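Reading through the structure tokens given below for one structure.
Not measured: the values here are computed from a predicted model. Just follow the structure's listing: the first ligand is 1, and inside any ligand the first atom is 1.
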Amino acid sequence: MGEFELIRQYFAAAPCAQGGEGVALGIGDDCALLELAADQQLAVSTDTLVDGVHVPQGADPFLLAMRGLAVSVSDLAAMGATPLGFTLALTLPTADAAWLEAFAAGLERMAGQCGIRLVGGDTTRGPLSLTFTVFGRVPRGQALTRRGARVGNLLCVGGELGDAAGALPLVLGTLTADPAVADPLLARYWSPQPQLALGQALLGKATAALDISDGLLADCGHIAQASGVKLCIEQSRVPLSTALLALCGEAHARACALSGGDDYRLAYTLPAEAVEPLQAAGWPVHVVGRVEAGAGVDLVDEHGHCIQPPARGYQHFGSRGD
Ligand code: ADP
Ligand code: MG
């Protein structure tokens with residue numbers, strides 16, 4: 001199969017590559033053309049996933065595609081952007097039809113879930129790697145950045161944390177568990193759901209936001225630094241899933257939630273008065289701490305006393321920060 005036949009069959013002909021709102025021209029020309037209204041800005045982000053570095057070697061291609069696209073779209077969610085399109089730069093050792101078919105199916109599934117269209121890419125031969133570039137639109141001047149956290153704001157997260165880090169030994173096959181425990185955790189690793197609707201709901205409300213890719217403590221450090229504030233995280237308020245608790249117990253679950261990675265849930269700061277209306281409207285707003293004057297991130301107990309962050313039980317394989 002030649003390069004052009006491969007592109008046509010698995011990508012250009014895919015339902016998610018057939019254009020849609022905001023896509024004036026998709027795959028097939030030298031560039032794609034995206035539409036942007038005058039009162040919008042373009043949000044752009046790129047992530048590369050290298051086989052054996054960011055994901056285990058020999059991973060299921062369906063899951064690889066799901067995860068790769070989800071991780072990139074999560075950056076759009078973190079800015080409050082609405083997805084427009086994405087490109088895929090794919091480097092493959094061989095053009096294996098079964099692999100490509102499964103990969104394209106995974107891409108289709110996640111693209112559908114996120115409402116994002118494939119608008120172009122590049123296809124080359126070499127060691128397996130995937131680069132996703134995502135494009136989204138955001139109301140001019142309103143994107144959620146890491147910079148606006150203010151003293152007195154509450155620090156919130158968009159759901160339970162630590163599942164993907166906890167799932168890692170399951171992913172690597174060094175641990176097995178009952179499907180009732182393992183399946184939801186594996187799903188959180190392989191197909192994180194970008195919190196797009198939450199990000200958009202936070203526009204004009206959150207003062208800072210990001211998606212958690214390297215662990216709550218590390219990522220909150222980015223908000224603290226960019227905003228020139230200190231974040232205090234109350235350990236006992238960090239939400240943990242029953243599956244994670246069942247898999248590894250409270251101490252390790254907490255370590256995964258604080259210092260693991262790959263959650264791809266949003267962490268954001270809100271003025272205190274914004275919390276209740278958002279919760280009442282059904283948005284996942286879990287208060288885990290507050291913004292104070294100072295610098296860095298403090299982990300505190302329920303009395304506000306600083307405690308030492310738990311040590312990481314193992315080196316996290318899936319962190320994309322490397
Ligand atoms: P060019 O030589 O102009 O860079 P290519 O021959 O690389 O174009 O690609 C032809 C068309 O197919 C382009 O529109 C490109 O965006 C698209 N394309 C190539 N590889 C992929 C891919 N893996 N996924 C989606 N579109 C792709
Ligand atoms: Mg090219």
Side-chain angles (χ1 to χ4, degrees), residues 1-36 40-77 81-137 190-194 196 264 318 320:
M1 184 174 12
E3 177 191 338
F4 294 112
E5 176 54 19
L6 186 159
I7 294 168
R8 194 199 60 74
Q9 189 173 339
Y10 296 104
F11 301 111
C16 68
Q18 301 316 304
E21 200 204 329
V23 180
L25 184 64
I27 292 176
D29 217 305
D30 292 308
C31 289
L33 297 173
L34 302 180
E35 302 283 1
L36 214 55
Q40 295 171 341
Q41 287 174 307
L42 187 64
V44 182
S45 174
T46 289
D47 280 296
T48 294
L49 219 147
V50 177
D51 193 32
V53 176
H54 302 95
V55 288
Q57 214 140 22
D60 179 331
F62 182 91
L63 297 174
L64 198 62
M66 291 267 282
R67 185 171 191 281
L69 181 56
V71 165
S72 294
V73 172
S74 179
D75 284 323
L76 294 178
T82 300
L84 274 174
F86 71 100
T87 61
L88 167 64
L90 179 62
T91 303
L92 286 174
T94 55
D96 180 86
W99 193 97
L100 279 160
E101 205 151 303
F103 182 85
L107 205 62
E108 190 64 43
R109 175 79 62 86
M110 187 51 73
Q113 283 178 18
C114 296
I116 192 164
R117 310 289 192 318
L118 178 61
V119 299
D122 197 23
T123 307
T124 52
R125 190 182 291 271
L128 178 62
S129 100
L130 318 171
T131 297
F132 289 93
T133 302
V134 293
F135 304 89
R137 57 184 159 83
W190 283 115
S191 52
Q193 302 297 308
L196 288 161
Y264 302 106
R320 73 177 185 160

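Close contacts of ligand 1 with D30, meaning ligand atoms under 4.0 Å from a residue heavy atom, involve 3 (O). In summary, the atoms of ligand 1 found under 4.0 Å from a heavy atom of T123, numbered by their order in the structure, are 19 (C), 20 (N), 21 (C), 22 (C), 23 (N). Against a heavy-atom cut-off of under 4.0 Å, L88 is close to the following atoms of ligand 1: 22 (C), 23 (N), 24 (N). Residue-ligand proximity, G120 to ligand 1, at heavy-atom distances under 4.0 Å covers atoms 16 (O), 24 (N), 25 (C), 26 (N), 27 (C).
Remark: distances from the non-hydrogen atoms of F4 to ligand 1 include one below 4.0 Å.
Closest approach of G19 to R117, counting heavy atoms only: O-NE, 2.9 Å. The shortest non-hydrogen separation linking A81 to A43 is CB-CB, 4.0 Å.
The option with the heavy atom closest to atom 13 (C) of ligand 1, from among I27, D29, I7, is D29. Counting only non-hydrogen atoms, the option in A104, G121, A17, G28 that gets closest to atom 15 (C) of ligand 1 is G121.
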Give the table of side-chain donor-acceptor pairs shorter than 3.5 Å for residues 98-105, with sequence neighbours excluded, one pair per line with atom names and distance.
none

Practice item. Go through the steps for T133 and V44 under the test side chain to side chain contact (heavy atoms under 4.5 Å, CB included), then give the verdict. Key: CA-CA 7 Å; T133 302; V44 182; 4.0 Å; yes

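Evaluation of the salt bridge (Lys or Arg N to Asp or Glu O under 4.0 Å) test over residues 4-20, restricted to residues two or more places apart or in two chains, returns E5-R8.
Contact of the L69 side chain with the C114 side chain is not registered, since no non-hydrogen atoms from C-beta on lie closer than 4.5 Å.
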